[in-house]
Colleague: 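Below is one structure. I have some questions about it.
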Amino acid sequence: MTTLRDTTTLADTRERPPIERYQGLRMFMANKAAVLGAILLGVILIISYILPLFITTDKLAYVASRHTPPLTEGGPILGTDYLGRDVALIVMHGGSTTLEVAGFAALLIIFVGATIGAFAGYYGGMVDRVLMKVTEFFQVLPGLLFALVVVALFGASTATIVIAIGIVSWPPIARQTRSEFMKQKGLEYVKAAKAIGASNARIILRTILPNTFPILIVQSTLTMGAAILFEAGLAFLGLGDPNNLSWGYYVGLNRQYFLTNWWAVSIPGFMVFLTVLSLSLIGDGLQDAINPKLRGR
Amino acid sequence: MSKYLLETEGLTKTFPLADGSSVHAVENVSIQVNHSETLAIVGESGCGKSTLANLVCRLLDPTSGRVKLNGEDITSLNTTAMRPYRREMQMIFQDPYASLDPRRTVGDSVSEPLLIHGQAKRGAELQDRVASLFSKVGLQEDDMERFPHQFSGGQRQRVCIARALTLAPKLVIADESVSALDVSVQAQVINLMMDLQDEMKLSYLFITHDLAVVERMAHRVAVMYLGQVVEIGPRAAVFENPTHSYTRKLLDAAPIADPRQRRERPLLTGEIPSPRWPKGEAPQLVNLVEVGDGHLVAKE
Amino acid sequence: MDQPLLSVRNLTVKFGEFKAIDGLSFDLYPGKTLAVVGESGSGKSVTALSIMRLVELGTRAKVAEGEVLLRRDDGSTIDLLKQSERAMRSIRGNDISMVFQEPLTSLNPVYTTGDQVIETIRQHRKTTRRDAAKRALEMFEKVRIPRPDKVMQDYPHQLSGGMRQRVMIAMALSCDPRLLIADEPTTALDVTIQAQMLGLMKSLQQETGAAVMLITHDMGVVAEVADDMVVMRNSKFVESGSVYDIFEKPGAAYTRALLASVPRLGSMKGKTEPERFDLVDREGM
Amino acid sequence: MLAIATKIGESLLLILAVLVFNFVLVYIAPGSVIDALSAGSLGDASEAQIEAVRERLGLDKSFFGQLFMYLGNVLQGDFGYSPIGNRPVVEMIAPRIFPTLLLAFSALTFAVTIGIAIGTAAARRPDSFLSSGLTVFALIGFAMPVFWTGILLILVFGVWLDWLPVAGMNDLRMSSRAGFFERAVDTAEHLILPTVSLGVIFLATYARLARASMMEVLQSDYIRTARAKGLHESKVLFKHGLRNGIIPIITVLGLEFGILLSGAILVETVFAWPGLGRLAFEAVLNRDTNVLLAILTMVSVTVILANLLTDIVYRLVDPRIRTGGRA
């Protein structure tokens, strides 16, 4: 073996970078905006899920005179709404409704989109053409309007809302997964796997899918954000559960009083904004952290 | 044992296009590769040399014709039936970056063939086998834990060579495997391939456009033009007595890295013809005749 | 010997802390072909862009020091590194023009080839569009494009690689530059097309008297067309001299190692078995 | 030309698919139109009366019978009758189309022009504050719920600063004899806040897209060629860069038209803009399914046509598509 080395390793013994471990996590942590997003999301989750366990007062009770502005002495910290209810309390309880609807919708979207995209991208040909026509069809449906129709026809339950959001929101994920699969499929490392004798299933699951994960994960955070906005829009138009006042629904309820009571509309809206922003920041940070080519720059 | 390690018989691949025309990428190619021999396939873009590599490696299904490995017909085997033959035959690609899974350590990529073929289990033994492969191709042992992007082009190509050799194949198909490398690295990788050939009794099907490299490392040469082999024979015969007009044109065109051998270039304009044929038309098949010992040339 | 047309003196270009070119000097004489040779990462392409003063546009690069002296027709010299952007624009494409490696991506995909050549001519010559079109047609004929009037109406993607590169050359020579910088002009082309292109460039050079600075990694191309050569490695100057001298008796150890790894067509005459490269140990150079 | 004809054919098929899909939705929905009718104007109608309505609406026919009747009606411009508006649906929808399109195009123009301008400027200096700020700005823009932005804009510019009108398309006090020009100016003033609140989400997206696209274009070889020719930087940027840089934006434009019109529903509701979106909101409140379905159809057709249009524009801009065969 020594003879081999003498003739072959000369120019290639340049210094190698250190072996990397947890570098993705470190890249993420170095992205201040992404860390901020993660902290923000943590706080929102605590407010929506942990705090309500300790505060058991009836959220719909009358606590102070109607339209008490925030920070008024004797009134609740974020003021009261048009019925004299505590805005802070209602907003605190509203988070879980929004997050659950959006979470289920996002799961549905990712699952349907990724599956259809993977099939179309990997198999190509006729399968691809048919699936892409179907995708195109769902993409031209104006999302919110379609959801309005579905919810109006089938009633405003959590399930219908989740399905309505899901039906119109999967096409972009499908397109992206498809193009990623097509791109990866053509790369030589996939050919190499075939040449080694790997089966189709192994290639899809062990070779291509891990390489599309980063994109899917980033897309999930963005999809989750979009689903929250979608739910908020629907609820704002009055299509939500009147017993679980989600943030969007609560903005809708308070809308007609906004000239006198600006806080009851702005605060729940602001919560929607913050939640979506935190998810987008995380997604943006992940996008950089997960790309091995950007690592170690 | 069969006389030839690899044999193709009338191998043909046609890609139909949407408008009814079709690309005749490989047309009636019959070649043989002996044991411990390098057969170089040379030609310009569109001549079908890469398609031929993919057909031999069964990454593409031929339109017609046969591929035989050790005398056994492997043309119509499915993925599972093909697996034992894959141990005998491996491929190295042009772009050493794209041919490694970016999300896996190179050690993982090199050990994957052993796992797929059930020749090893995860653990110390596998580690050792991969480590010895790494040192065989001139890499360090702790390189196993690195990712492809942490290597230079030449090092990545060494990793690819290590992966191709894990199953101790008899035939390695190298598709433009040294073309993307800097010239000094290219020379080292070629030396490595030749060392490995001696040590492991390998045969290479070496696909390239670079005539100077071919002259250096091939035992036999096949020249492809528009999907067909127009000249094939021992390297010395083809280079010193090029008989087909296309072979001569190629050799005349190749620049020689020696200023004393400068030639006048005639002012020509010409294009490389396309292997795409309109509907209903097909290329005329060439007829190979022997002009010397094992030196066959298409009649013109 | 003539005065040099272009003199590069101690040129240093930095990308942040990294020196992409470190103290490079060489001369280029009128009517001659100078090859700048090196492997990837040697800084040869950055050299070309620095002379054109294009390296700082849209990148983090900075020309840190040095001079690039261009001799004008009246015998005076100007330092290109000290010229205003406005003055540089009148030099680019006019006194010095460039041809790149990838003819497909180097031509704008949304305009016809004719339009792109006409644009160059009208940028530097005060002519009507019609006269510029006539000149463009002449140039297309000069680079031996068959059916030039038709090709002028074509978009780049409709042409073959060789035709595209002919269009690039027509464009580069349309304003009679005194220096043509060709950055790997034949690397993306097939060997028979490369041969045509080398022949064409040689004959056009004799016809126009332009100097050529040829940037390449291909020793075969250097040996074939260059008069002089500069060898670069890892951003640094290694050696320069006439092509004959360096191929015959390379002065630097690196050049020797590089030439040893270049396969020379015809060197295997009379041998039947393959032969390994006789590599020189480059460790510690 | 053939390609465009195919596209038109495909668009027509898509429209048909949308109609069938709409019909199927109504068909499988529990409660159907009759319930809505009973809850609405029919009040406590007798069995016989309901049966008569069923027959008039063709609800006694088979699935396909009903489908063809529905398609036939729609093709003749008959979207049914609105019991709440007490008028044919078509009459309710027709006057609402122009305001919605006006709002949509105004928001789109706002987002595209300013977005491309910001994106291009950021692409030229990738390390600048503008460029890094653009990412944050894009994330913020994306995260703002449209209705919330709308309300905030009304509070700030309409109420506290009192600079701009906040509701409707024209001032109610405007005399009916006001000239066209006077009206147009008034409408433009009313259009500003809705345009901004709808446009801002897309502004962020397009700016980011334009930056990514222009950064790629500006690093391309043909830009280097253009500079090496001695062209002025403005010519390099606008003639050679932008023409290529807008190609990906055009594609997205068509695809996102549906999202734009969805956003318009919320904006119209907030600003009392007399368009299809506000009508949809009212229809939801009144459970006026016929109107909702008709609006869904109209808007889907608009999105399909918008996609067709972008496809044609795309062909005009990119000769690689037009002259066949992408190299």
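The sequence lines fix the lettering, A, B, ..., with proteins before strands; numbering per chain opens at 1.
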Colleague: Given the options Ser266(A), Ala147(A), Pro171(A), which has more heavy-atom pairs under 4.5 Å with chain D than any of the others?
Modeller: Ser266(A)
Colleague: Do Thr269(D) and Leu237(A) touch side chain to side chain, with heavy atoms closer than 4.5 Å?
Modeller: yes
Colleague: Measure Ile295(D) against the heavy atoms of chain A and call it side chain, backbone, both or neither at under 4.5 Å.
Modeller: both
Colleague: Between chain A and each of Ser262(D), Ala17(D), Gly258(D), Ala143(D), count heavy-atom pairs under 4.5 Å; write down the option with the most.
Modeller: Ala143(D)
Colleague: Go through the atoms of Val18(D) and report whether side chain, backbone, both or neither lie under 4.5 Å from a heavy atom of chain A.
Modeller: both
Colleague: Over all heavy atoms of both residues, which pair between Val270(D) and Phe236(A) is shortest? Give the atoms and the distance, please.
Modeller: CG2-CZ, 3.7 Å
Colleague: Within the structure provided, determine whether Phe147(D) and Val251(A) are in side-chain contact (heavy-atom separation under 4.5 Å).
Modeller: yes
Colleague: Between Leu260(D), Val303(D), Leu139(D), who has the most heavy-atom pairs with chain A when the cutoff is under 4.5 Å?
Modeller: Leu139(D)
Colleague: Below 4.5 Å from any heavy atom of chain D, which atoms of Leu279(A) appear? Answer side chain, backbone, both or neither.
Modeller: neither
Colleague: Could you check whether any side-chain heavy atom of Ile265(D) comes within less than 4.5 Å of a side-chain heavy atom of Leu145(A), counting everything from C-beta outward?
Modeller: yes
Colleague: Quick check on the interface: out of Gly225(A), Gly233(A), Gly238(A), who has the most heavy-atom pairs with chain D under 4.5 Å?
Modeller: Gly233(A)
Colleague: Indicate yes or no: at least one non-hydrogen side-chain atom of Phe146(A) is less than 4.5 angstrom from one of Val299(D).
Modeller: no
Colleague: For the residue pair Trp148(D) and Phe270(A), categorise the inter-ring angle as parallel (less than 30°), tilted (30 to 60°) or perpendicular (more than 60°).
Modeller: tilted
Colleague: For the interface with chain A, which of Leu155(D), Ile259(D), Ile304(D) has the highest count of heavy-atom pairs at distances below 4.5 Å?
Modeller: Leu155(D)
Colleague: Heavy-atom distance under 4.5 Å to chain A: side chain of Phe281(D), backbone, both or neither?
Modeller: side chain
Colleague: For chain A, which candidate among Ser300(D), Ala138(D), Gly277(D) shows the most heavy-atom pairs at distances under 4.5 Å?
Modeller: Ser300(D)
Colleague: So which atom in Leu292(D) and which in Leu148(A) form the shortest heavy-atom distance, rounded to 0.1 Å?
Modeller: CD1-O, 4.3 Å
Colleague: Side chain, backbone, both or neither: which part of Glu10(D) has a non-hydrogen atom closer than 4.5 Å to chain A?
Modeller: side chain
